[in-house]
Amino acid sequence: MTDTDMTGTDMTPALAPHAIGRDLARRDGAAKVRGTAFYADESPVENPVYCRIVASTIARGRAVSVDTGEAEGLDGVLAVLTPATAERLASTSDAELAVLQDDRVGFRGQIVGAVVAESFEVARDAAARVRVEYEVAAHDAALSADRDDLYTPDQVNPTYETDTAQGDMAAAMASAPVTLERTYTTPMLHNNPMEPHATTALWEPDRGAGALTLYDSTQGVHPVRSTVAAVLGLDEDQVRVVCPYVGGGFGSKGMPHANTVLAAMAARAVPGRPVRVALTRQQMFSLAGYRTPTIQQVQLAAQRDGALDGIAIDVVEQTSRIKEFAEQTGVPTRNMYAAPNRRTTHRLAALDVPVPSWMRAPGECPGMFGPEVALDELAAELGMDPVELRIRNEPDVDPETGKPFSTRNLVACLRRGAEQFGWPGRDPRPGVRLEGGWWIGTGVASATYPVYRMPVSTAVIGYSGGRYVARIGAADIGTGAWTVLPQIAADALGVPVQEVEVLIGDTEYPPASVAGGSSGTTTWGSALVAAAEQFRGKFGADPHEGDEIEASVPENAASERFAMHAYGAHFAEVAVHADTGEVRVPRLHGTFAAGRIVNPRLARSQLLGGMTMGLGMALMEDSVLDPRTGHVVNHDLAEYHVATNADVADLRADWVHEDDPHVNPMGSKGIGEIGIVGTAAAVANAAWHATGVRVRDLPLTLDKVLPPA
Amino acid sequence: MDPDTTLRVDGVTHHLDLDPRASLLDTLRQRLGVMSPKKGCDHGQCGACTVLVDGRRVLACLSLAVAQDGHEITTADGLSEDGADHPVHRAFVEEDALQCGYCTPGQVCSAVGALDEFARGWPSAVTTDVAADPELDDAEIAERMSGNLCRCGAYKGIRAAVADAHREVSR
Ligand code: FES
Ligand code: FES
């Protein structure tokens, strides 16, 4: 491949696009529209039994006795697992996965028992008859920035420095002609994929290799295998994980959670019988991860012409006392805009709450809310157009590292997006457009997301029956990998895409990284390209039946020399009802710069999907954790509102052409997450423009935009 | 156990001894192995379990199986008698009205039901003149399809697909 630096002459990605860039329909579409593509809870097994969780009703303490007598008396009950009777796990170092290993309760909704029964109805009935006696301890589930026990984590997700500083931010705040200091908050948010986390587990002890089969709803079969094998004390080859289709995840299925381990334990309690464990929607709010609430104190110091002297974000957020997850909310501020003085910090409160985890664009998504609203406030203060203010602060190089960007087209996104949205000529005054009983306004925000390449992924390519068949244990969580990976492999092999099949979603195929960090296409695609090149090198253009070769994702030397990110610009039109305060979003537009787009039809779906989730975040999503009980009180889809069809009006996603020779042979950047990143800020900024009311706390519910009574 | 219940599912007749507590959804999935309808919430909040009962949209998770004795159940996999693709199937693939696919069979059944309701002249909450024949515009489709959540956010494609299918079936 070519990996020339900025002075080189070859400035296009290595792979000549033929199948890449084509608007192909989803290969798994036909099965999915009929419902025949199988998910974990409907995997093809004989005579399954059903496992139902008993969840703690206290937030902290001990489950001192678990009385199973009545449950065990029911016809059809096969096993009841309690802290006293469950098998001892080999590794309990991850407290979230140490299911039923002792009687301690660390958060409300934690697993304190489980019932396995011949039918779902009996399992549910029996679980309700398990009597748990608790020794209640005082719990603490209230996040605030004033707590005196906030602590500094060693690093933030995945491995970023916790705090950074450049120049002297305090001095910039003291001396700049215009300064702004505001606090913004984002609430606890739940991924809520439509498919609840589920596992079907089968334990066949006599089989040796593959003794434990897990049909798991996961973003990565190989990471699940290595985790579960270690927790159970099995060899990796004793565990097979299968997951051809995933009903969404958005990060929550990126790391195995307690349900997967419980399924394995339940299966080992009834050898030879496949056990199905599916979380209920309610259980999803305590056992499947979530986005921490964030409190963001943002400081901006600026010259009158809009040039930033300084930008800072100090973040307070929560983790669970039993396991740390530190969201990297301050990270995007490190390299988004030019400013000589800069500070980012993260402080955590360890609470008696469920374990937070990845949710679509961890870090970037919440972390672009505060700063992007702050910039809008600054633009208003300076009397400057908010698009121009952002362009005014465009850096030449990565302000944090001094490295050049491999490509950076934020300005192109802002300009083109503004044009497409109809931004030029916008009246900047807030609260002056009343049309048919609705206040109308428009807003803008930027978006960014890093280019990640995972270190481990291997692809096998073989020639069989006149076709090329590649195998890689990757995942399609709705992203389109079933369709896009063949496009990449076809171009790397130099054959039509119909001649290529790529098999994914099974640990029988070579190791692949998790579908996370928008890294799938870069990582797995690079492995496929490497395998294709070696295949051609060894077998030429005319291979024989059975020829096969394996290759792994290479390291990218260019990542040492360049900062690599995708960018985007979001534009929103908001209407706020003059009497009721109802907030609607008649138009939402995103223009993105994310390298070469491998499949426009599927890419657009990804971007629109991210924006739609961002719309939910802006307007309605809010997990209400009652600190008195440690319980998310709105723990279902009737009360935790996600955007539905009629919430989404005129929604558009577009992209600028971008040739990036440095990111990977395809020239692609990840697109699964960037769509959500700037949406909420753009909507909040538009709501201010509509009403003159500045909302700094998501979601933008009507009580916040109505004038005080 | 209750006496015999007869369910017709995608054209096949089943005589079943049912637990009276069993929902139609669990009966389809767990007793009959009919996995097309999905379980997103089990509480009537998401639409993933939508099937057609005698041609009308029903949430299978909120319906007891014994109450469907003698009725004709159609899932997204049984929409065409000859097993061919239904126009709604084709439109969903063409418009990429799905990503993960988990809400999709419910969306497809809901779309078929909604198009039938529309053809019968039923108004929706956004129909301005309930006496006139409604126009199937974008707002009508969005309203009629809002009982089906899609966390992947395929709504725009879903609306386009329903409009395409409507054009095809009413041609
Ligand atoms: S599963 Fe029936 S409405 Fe959600
Ligand atoms: S396609 Fe994933 S929930 Fe609709």
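First the proteins, then the strands, lettered A, B, ... as listed; each starts at 1. In this text, all values refer to a predicted model and were calculated from it rather than measured experimentally.
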*How would you list, in number order, the residues of residues 42-60 of chain B that have a heavy atom less than 4.5 Å from chain A?*
B:Asp42, B:His43, B:Gln45, B:Cys46
*Side chain, backbone, both or neither: which part of A:Leu602 has a non-hydrogen atom closer than 4.5 Å to chain B?*
both
*Closest heavy-atom contact between A:Gly248 and B:Cys100?*
N-CB, 3.3 Å
*Heavy-atom side-chain proximity of B:Arg21 to A:Arg124 below 4.5 angstrom*: yes
*For A:Glu118, side-chain hydrogen bond (donor to acceptor under 3.5 Å, both in side chains) partners two or more places apart*: A:Arg273
*Is chain B contacted by the side chain of A:Arg604, its backbone, both, or neither, given a heavy-atom distance below 4.5 Å?*
neither
*Side chain from CB out, backbone as N, CA, C, O: work out which of these in A:Ala649 comes under 4.5 Å of a heavy atom of chain B, or both, or neither.*
backbone
*Residues two or more places apart in sequence or in another chain: which of them pass side-chain hydrogen bond (donor to acceptor under 3.5 Å, both in side chains) with A:Ser623?*
A:His190
*Rounded to the nearest 0.5 Å, what's the gap from CD on B:Glu143 to OG1 on A:Thr644? Could you check?*
9.0 Å
_Top contributor to chain A interface from B:Ala22, B:Cys152, B:Gly40, B:Pro37 [non-hydrogen pairs under 4.5 Å]_ = B:Gly40
*Relative to chain A, which of B:Gly78, B:Ser146, B:Gly33, B:Gly157 shows the most heavy atom pairs under 4.5 Å?*
B:Ser146
*B:Gln107 versus chain A, heavy atoms under 4.5 Å apart: side chain, backbone, both or neither?*
neither
*Residues two or more places apart in sequence or in another chain: which of them pass side-chain hydrogen bond (donor to acceptor under 3.5 Å, both in side chains) with A:Arg652?*
A:Asp650
*Indicate yes or no for a side-chain donor-acceptor contact from A:Arg26 to the backbone of B:Ala97 under 3.5 Å, with no hydrogens or angles considered.*
no
*Answer yes when B:Lys38 and A:Glu195 have at least one side-chain N-carboxylate O distance shorter than 4.0 Å, and no when they do not.*
no
_Shortest non-hydrogen contact from B:Cys41 toward A:Leu637_ = CB-CD1, 4.3 Å
*Got a second to check how far B:Thr27's OG1 is from A:Glu121's CD, nearest 0.5 Å?*
6.5 Å
*Nearest atoms (heavy-atom pairs only) where A:Arg34 meets B:Ser36*: O-OG, 2.8 Å
*In Å, rounded to the nearest 0.5 Å, how long is the span from CG of B:Asn148 to CG of A:Asn645?*
8.5 Å
_Closest non-hydrogen atom pair, B:Leu98 against A:Gly29_ = CD1-CA, 4.4 Å
*Indicate yes or no for a side-chain donor-acceptor contact from B:Arg151 to the backbone of A:Asn191 under 3.5 Å, with no hydrogens or angles considered.*
yes
_Determine whether a donor-acceptor pair (N or O, by modelled atom type, separation under 3.5 Å) exists between the side chain of A:Lys32 and the backbone of B:Thr104._
no
*Please flag which part of A:Gln606 lies under 4.5 Å from any non-hydrogen atom of chain B: side chain, backbone, both or neither.*
both
*Heavy-atom distances under 4.5 Å only: say whether B:Asp85 touches chain A with side chain, backbone, both or neither.*
both
*asked:* Nearest 0.5 Å, please: how far is CG in B:Asp96 from CG in A:Asn599?
replied: 8.0 Å
*Donor-acceptor pair, A:Arg281 side chain versus B:Lys39 backbone, under 3.5 Å?*
no
*Relative to chain B, which segment of A:Ala638 carries a heavy atom at a distance below 4.5 Å: side chain, backbone, both, or neither?*
both
_Engaged part of A:Phe38 at the chain B interface, taking heavy atoms whose separation is under 4.5 Å_ = neither
_Non-hydrogen atoms of A:Ala643 and B:Tyr155 that approach each other most closely_ = O-OH, 2.6 Å
*Between atom CZ of A:Phe120 and atom CZ of B:Arg29, what is the distance when rounded to the nearest 0.5 Å?*
10.0 Å
*Search all heavy atoms of B:Arg159 against all heavy atoms of A:Val648 and return the closest pair with its distance.*
NH1-O, 2.9 Å
